[in-house]
There are 2 protein chains.
Amino acid sequence: MTRPERARPGSGALASLPSLAPLPTAAERAAAVIRENIFEGKFQPGTALPEAALSQALQISRNTVREAFRALMSEHLLTYETHKGVAVRALTVADVHDIYTLRQMFETSAIDLLDSGRAELDPAALLEPVAAGEAAGAADDWVTAGTANLRFHSNLVSVHGSTRMEEFFRRLMTEMRLGFLALEDPKTFHAPYLVQNRSIADKIIGGRYDEARTDLTAYLEQAKTEVAAAVAKQSTVDDDR
Amino acid sequence: MTRPERARPGSGALASLPSLAPLPTAAERAAAVIRENIFEGKFQPGTALPEAALSQALQISRNTVREAFRALMSEHLLTYETHKGVAVRALTVADVHDIYTLRQMFETSAIDLLDSGRAELDPAALLEPVAAGEAAGAADDWVTAGTANLRFHSNLVSVHGSTRMEEFFRRLMTEMRLGFLALEDPKTFHAPYLVQNRSIADKIIGGRYDEARTDLTAYLEQAKTEVAAAVAKQSTVDDDR
DNA sequence: TGCAACATTTTTGTTCAACAATCTTTCGTA
DNA sequence: TACGAAAGATTGTTGAACAAAAATGTTGCA
């Protein structure tokens with residue numbers, strides 16, 4: 001006998017839940033804490049993170065702090081120089097342009113794939129993040145809204161079916177979150193995109209691929225301009241300090 | 001007064017020279033040695049690398065060995081599992097397909113860029129690796145020929161002008177070298193591609209982009225089949241051991 | 001004052017020995 | 001043979017220590 005069908009969270013929704021299983025190693029837990037602090041804005045871009053300070057704050061040995069740093073470096077959240085230690089990554093305007101150029105390439109080619117019938121897409125993969133973004137926006141939680149937004153675009157790229165592309169795109173999304181930190185008013189930035197994501201999702205699902213491509217390209221161009229401006233402003237502020 | 005013009009190494013040629021400057025930290029030097037051993041075939045794919053053994057062999061402490069491992073993990077040369085340590089990466093057939101799909105995407109879109117005049121290319125960037133490959137082939141040095149081959153394709157992708165794409169493509173090239181390790185007869189594999197690279201380079205430089213695209217696609221398809229077969233064979237051999 | 005050379009302090013790079021936690025292997029028993 | 005417990009090997013982590021490099025502070029001089 002089968003159990004009655006009941007509503008289940010859409011694709012990707014569970015991914016945003018905090019994992020219940022505690023991370024196995026101290027280094028990973030430390031990395032998680034540091035990562036959290038970066039995205040919370042506690043450790044601002046450009047901030048140096050001395051090993052001794054983190055060792056004391058997290059109550060772990062310096063060697064373990066270093067392991068955590070290595071992990072975050074490979075996530076491109078920290079920069080490193082020999083004998084100078086690590087610092088929270090600060091995006092440059094060139095970074096922002098590079099990132100959006102690649103997003104344009106990966107996302108529009110995903111639509112091409114759908115358009116030509118070489119790939120298929122579960123509508124829920126787009127609708128779930130859109131709905132999650134709208135819900136977060138309604139609750140005035142713009143960090144969650146931003147993350148849902150990124151999940152929308154990641155799921156679109158997933159139609160390529162390439163594990164390496166997904167991994168690479170995840171990296172780009174991580175860097176986007178660093179860029180979001182530079183925004184002065186996240187609400188003003190994110191709110192319009194909630195509407196646009198809904199529209200793009202509908203067009204893709206409805207098979208109106210040309211319109212979707214056009215809208216997406218405009219979307220990315222606009223977002224790039226805004227984030228680049230925010231990052232530029234941030235770097236001038238840093239210089240003044 | 002100007003010095004007389006004299007022959008200079010073409011673009012990228014110097015990159016293949018061993019760096020004279022010794023690496024600053026012991027961890028980096030250790031990583032270089034391990035990397036070397038992998039590509040020399042001394043550490044074969046799938047081989048576990050115990051920390052204690054490397055520590056003794058390289059005369060460095062276990063902590064430093066771990067730092068070297070971290071670096072190589074982020075280069076995707078080593079795999080890692082908690083409490084199980086690291087092992088030399090062994091490509092799967094799925095990996096090979098994924099890699100060639102992405103190569104196809106990046107390389108043909110580079111030609112598109114040239115075709116539409118949105119980017120330009122220094123002919124030397126293609127001709128130098130082609131010549132280097134031919135020279136290495138003539139000297140029966142198929143490791144160098146393989147590396148020159150990869151440089152040819154990297155330089156093609158460079159026309160995108162995206163630092164992240166270049167970095168990502170370098171990763172793919174590194175993984176290709178892991179795949180080359182599975183080849184039974186490198187000469188039989190590489191020799192035909194020396195000729196094809198020359199032909200593709202000529203067509204690109206000559207503006208015959210459609211032909212170049214066709215040839216390149218055929219090239220990649222053929223190479224994918226061969227490397228996938230070699231990797232498949234290698235994995236069955238490993239299973240038998 | 002401005003600046004260059006030197007001395008001091010801080011921070012990173014690395015080692016070592018030790019122990020806890022987790023696999024792997026071995027081996028005795030049912 | 002199959003199972004499971006004990007023994008052994010390997011990884012995860014610590015803390016202290018010192019060398020080496022970078023950052024900082026100080027002095028002396030033009």
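Lettering of chains follows the sequences in order, A, B, ..., and the numbering in each one begins at 1.
Side-chain atoms of B:H76 and B:E175 form no donor-acceptor pair, as typed in the model, at a separation below 3.5 Å.
Interface limits on DNA chain C: the 5'-most and 3'-most nucleotides within less than 4.0 Å of chain A heavy atoms are C:dT12 to C:dT15.
Among residues two or more places apart in sequence or in another chain, the side chain to side chain contact (heavy atoms under 4.5 Å, CB included) test is passed with B:K84 by B:E81. For A:S162, the side-chain hydrogen bond (donor to acceptor under 3.5 Å, both in side chains) partners at least two apart in sequence or on another chain are B:D98. Residues passing the side-chain hydrogen bond (donor to acceptor under 3.5 Å, both in side chains) test with B:T25 are B:E28, sequence neighbours excluded. Remark: B:R70 pairs with A:E67 by the side-chain hydrogen bond (donor to acceptor under 3.5 Å, both in side chains) rule, at least two apart or across chains. Residues satisfying the side chain to side chain contact (heavy atoms under 4.5 Å, CB included) test with B:P50, not counting sequence neighbours, are B:A53. Every residue two or more places apart in sequence or in another chain was checked for a side chain to side chain contact (heavy atoms under 4.5 Å, CB included) with B:H83, and none qualifies. With sequence neighbours excluded, no residue forms a side-chain hydrogen bond (donor to acceptor under 3.5 Å, both in side chains) with A:Q56.
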Name the atoms and distances for all side-chain donor-acceptor pairs under 3.5 Å in residues 31-39 of chain A, with sequence neighbours left out.
from  : atom 1 : to    : atom 2 : distance (Å)
A:R35 : NE     : A:E75 : OE1    : 2.9
A:R35 : NH2    : A:E75 : OE2    : 2.7
A:N37 : ND2    : A:V33 : O      : 2.9

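With the end axes of the helix from C:dT1-D:dA30 to C:dA30-D:dT1 each set by five pairs, the angle from one to the other reads 20° at 10° resolution.
For residues 160-179 of chain B, the pairs satisfying ring-ring contact (aromatic ring centres under 6.0 Å, His included) are A:F168-B:F168, B:F106-B:F168, with sequence neighbours left out.
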Enumerate the protein-to-nucleotides 12-19 of chain D contacts in which both atoms are nitrogen or oxygen and the separation is below 3.5 Å.
from   : atom 1 : to    : atom 2 : distance (Å)
D:dG12 : OP1    : B:Y80 : OH     : 2.5
D:dG12 : OP1    : B:H83 : N      : 3.2
D:dG12 : OP2    : B:R66 : NH2    : 2.2
D:dG12 : O5'    : B:R66 : NH2    : 3.1
D:dG12 : N7     : B:R62 : NH2    : 2.8
D:dG12 : O6     : B:R62 : NH1    : 3.3
D:dT13 : OP1    : A:A26 : N      : 2.1
D:dT14 : OP2    : A:S61 : N      : 3.1
D:dT14 : OP2    : A:S61 : OG     : 3.2
D:dT14 : OP2    : A:T64 : OG1    : 2.3
D:dG15 : O6     : A:N63 : ND2    : 2.9

